[in-house]
Amino acid sequence: MADDFYLRYYVGHKGKFGHEFLEFEFNKDGRLRYANNSNYKNDEIITREVYVSQSVIAELKRIVEDSEILKEDDNNWPAPDRVGRQELEVVLGGQHISFTCTKLGSVLQVQNSKDPDGLRIFYYLVQDLKCYVFSLISAHFKIQPIQK
Amino acid sequence: NELRVSRGLHRVCHSINVLVVGSPCLLSRHCRPSLLTMADEMDRDDRMQAVDKKKKGRGHRDFTEWADRYGGARFRELDPNAKPGPTASVEGWVVFITGINEEAQEEDIHEAFAEFGDVKNIYLNLDRQTGFVKGYALVEYKGQKEAQTAINEMNGKELLGKPIQVDWAFRKPQRRR
């Protein structure tokens, strides 16, 4: 179906504090699932789920389309390793991308890679997606500590 | 509202070999992790079988193990029993705005939306590469009526010379029968 849509992002690593990861997923019905896991100080996984409106999904599609990530490929991106792993899976406009990459620490790492232009698109899109999701999740679930 | 099933229930579901609804036992084949894995079994199969889609990327060949990540965790909602339609957030009602001029500032948003009620919170994110406003914002009001009025009045209006769209941010899903 041409109007099919799905987006999932994961970033994580395994280490001293267990499998620490952040993952979120949107489906075309607007179901947003969010998970953040760490065993730091024996903490447990945080999960959240909320349905967002079609306007929110439309804006998400616009952000993804404008980035032109769908024109890219992860062939020449640094593969996931001990440092960490990122996954971006998107179904949009008849395409289904599923990219993997190691964690990206800086623009310098992007610049020195084998595909700096493509990787830079990924690098900034991921930041924009995180901003989007963190704002939605905070607005819906987070209690403000200080009264304005 | 336990995130993890109790050990007792796990033993029961094994001993009587019955599908226990809601039991997040991922070790046994008869216990299906219904809503508990990030990608529902059905969603994942749909995506994989979508042969009309052009596929790219290493992730298609290098699968992740969902059970490995979630081992039984549920996804927490605010209020699983709310009626369909727009839904309240934890402390108010959140309105979603798009089409915002890239030079807008938080004060511009506040000014445009304060006439409908007390604005409790504003999120106006920047594009991480350019530093300009990304184009969307979230505005929170205390009451549903204030938020609904803001949506009715501001949807399609101009803000700093550009028309904006205003809608609810969150809603309840249609109940499946």
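Below, read A as the first sequence line, B as the second, and so on, with proteins coming before strands; counting in each chain starts at 1.
- Remark: the backbone N or O of A:Leu70 is paired with a side-chain donor or acceptor of B:Lys56 at under 3.5 angstrom.
- No side-chain donor-acceptor contact under 3.5 Å links B:Lys54 to the backbone of A:Gly94.
- The number of heavy-atom neighbours closer than 6.0 Å to OH of A:Tyr40, taken from other residues, nucleotides and ligands shown, is 12 or below.
- Heavy-atom pairs under 4.5 Å with chain B peak, among A:Tyr123, A:Phe134, A:Phe99, at A:Phe99.
- If you measure heavy-atom distances from B:Phe170 to chain A, the contacts under 4.5 Å come from both the backbone and the side chain.
- Looking only at side-chain heavy atoms (C-beta outward), A:Tyr124 and B:Asp127 stay at 4.5 Å or farther from each other.
- Residue contact with chain A, scored on non-hydrogen atoms closer than 4.5 Å, involves the backbone and the side chain of B:Gln129 alike.
- With hydrogens and angles ignored, the 3.5 Å screen pairs no side-chain donor or acceptor of A:Glu89 with any backbone N or O of B:Gly59.
- For A:Val50, the part lying under 4.5 angstrom from a heavy atom of chain B is the side chain only.
- The contact between B:Leu138 and chain A is made entirely by side chain atoms (from C-beta outward), counting heavy-atom distances below 4.5 Å.
- Per-residue heavy-atom pair counts under 4.5 Å with chain B were compared for A:Asn75, A:Ile63, A:Leu32, and the maximum is reached by A:Ile63.
- Annotation: side chain of A:His140 is not in contact with side chain of B:Val94 (no heavy-atom distance under 4.5 Å).
- Here A:Tyr132 and B:Tyr136 bring their ring centres to under 6.0 angstrom of each other.
- If you chain together hydrophobic residues whose side chains sit under 4.5 Å apart, A:Ile143 and A:Ile137 fall into the same group.
- With contacts defined as side-chain heavy-atom distances shorter than 4.5 Å, the pair B:Arg128/A:Cys131 qualifies.
- B:Phe75 pairs with exactly one of A:Arg48, A:Glu25, A:Arg31, A:Arg33 by the side chain to side chain contact (heavy atoms under 4.5 Å, CB included) rule, that one being A:Arg33.
- Heavy-atom minimum distance, A:Ser55 versus B:Phe96: O-CE2, 3.5 Å.
- For B:Gly57 against A:Asp73, the heavy-atom pair with the smallest separation is N-OD1, 4.1 Å.
- Shown here is A:Glu65, whose CD atom has more than 12 heavy atoms of other residues, nucleotides or ligands within 6.0 Å.
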Worked check of side-chain contact (heavy atoms from CB on, under 4.5 Å) between A:Glu59 and B:Gln165: CA-CA 11 Å; A:Glu59 178 70 1; B:Gln165 298 82 47; over 6 Å; no

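- Between B:Ser89 and A:Ala139, the shortest heavy-atom distance links the atoms CB-O, 3.6 Å.
- Looking only at distances, no side-chain donor or acceptor of A:Thr100 sits under 3.5 Å from a matching main-chain atom of B:Arg58.
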